[in-house]
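Just so it is clear, the model here is predicted, and its values are computed rather than measured. By convention in this document, chain letters (A, B, ...) are assigned in the order of the sequence lines, proteins followed by strands, and residues within each chain are numbered from 1.
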Amino acid sequence: LAKTTQPISMDSYEGQEVNITCSHNNIATNDYITWYQQFPSQGPRFIIQGYKTKVTNEVASLFIPADRKSSTLSLPRVSLSDTAVYYCLVGRSGNQFYFGTGTSLTVIP
Amino acid sequence: GAVVSQHPSWVICKSGTSVKIECRSLDFQATTMFWYRQFPKQSLMLMATSNEGSKATYEQGVEKDKFLINHASLTLSTLTVTSAHPEDSSFYICSARAASGTYNEQFFGPGTRLTVL
């Protein structure tokens with residue numbers, strides 16, 4: 001099981017771009033990288049998933065270098081409502097997720 | 001995206017009683033569902049993997065006789081906390097796996113807050 005390491009917390013001002021990096025040095029060949037967002041007392045919400053290079057959707061981008069030992073979630077122009085905990089998960093498609101500590105993002109007005 | 005519901009959203013019970021929590025995939029079939037527990041200010045902890053029509057697989061340290069899981073259909077899994085005690089008070093979250101194209105995603109329910117008095 002690939003272990004992930006993320007910063008415990010981050011602060012950002014409204015309107016800025018936020019990049020959260022996750023390290024997963026022992027990622028396996030068949031593992032995907034998935035990011036979730038969680039608000040207090042709610043279930044995690046899927047943000048983005050990728051295998052390599054760059055993936056972009058309407059809310060975020062995911063950058064994965066060639067060695068896949070890390071990944072960066074990029075949130076463009078954050079707002080106060082983006083204050084949440086962000087989890088980076090690594091695992092084989094369809095398998096269990098083991099959550100790490102996550103990154104608590106606080107957006108400051 | 002796919003929707004997963006949980007019922008109830010919160011429950012308060014007396015110590016020694018049993019509580020059943022339902023997890024439903026509303027618009028897709030889920031051959032696999034997962035149950036997590038989350039204590040305040042902590043991360044989610046995987047409790048068990050539930051496969052439709054077969055016995056659940058429990059993570060190390062999770063008592064299978066205390067946390068009964070049933071996955072009788074492709075859209076419903078239940079978690080029963082038997083003889084609940086105050087230390088079982090937690091936020092219980094389920095997720096369901098949906099296959100979509102190349103990737104498989106897990107969709108999470110809104111969670112159930114259990115308080116044992």
Practice item. For residues B/F108 and A/F46, determine if any side-chain heavy atom of one lies less than 4.5 Å from a side-chain heavy atom of the other. Key: no
Review point. Are A/L75 and A/V59 connected in a single hydrophobic cluster, I mean Ile/Leu/Val/Met/Phe/Trp/Tyr linked by side-chain heavy atoms less than 4.5 Å apart?
Key: yes
Practice item. May I ask you to decide if B/Q106's main-chain N or O and A/Y36's side chain share a donor-acceptor pair within less than 3.5 Å? Key: yes
Check your understanding: If two hydrophobic side chains count as joined below 4.5 Å and joins carry through other members, does A/V107 share a cluster with A/W35?
Key -> yes
Review point. Which bit of B/Q38 is near chain A, if near means a heavy-atom gap under 4.5 Å: side chain, backbone, both or neither?
Key: side chain
Practice item. Tell me whether the centres of the aromatic rings in A/F97 and B/Y36 are closer together than 6.0 Å. Key: no
Revision key, fill the gap. Scanning both residues in full, the closest heavy-atom pair of B/E59 with A/Y98 reads OE1-OH, 2.9 Å
Review point. Are A/F63 and A/V18 joined in one hydrophobic group, where the rule is that I, L, V, M, F, W and Y side chains link up if heavy atoms are under 4.5 Å apart?
Key: no
Review point. Side chain, backbone, both or neither: which part of B/L44 has a non-hydrogen atom closer than 4.5 Å to chain A?
Key: both
Check your understanding: Yes or no on side chain to side chain contact (heavy atoms under 4.5 Å, CB included) for A/Q38 and B/I93, after CA distance, side-chain angles and deciding distance?
Key -> CA-CA 12 Å; A/Q38 187 184 29; B/I93 307 170; 3.8 Å; yes
Study note, to complete from the structure: Bottom line for A/S41: the part with an atom under 4.5 Å from chain B's heavy atoms is both
Review point. Does B/F91 belong to the same Ile/Leu/Val/Met/Phe/Trp/Tyr cluster as B/L114, with side-chain heavy atoms less than 4.5 Å apart forming each link?
Key: no
Review point. When hydrophobic residues are tied together by side-chain contacts of less than 4.5 Å, even through go-betweens, does A/L80 share a cluster with A/Y86?
Key: yes
**Study point:** Residue B/K66 excluded, over 12 heavy atoms near NZ under 6.0 Å
**Key:** yes
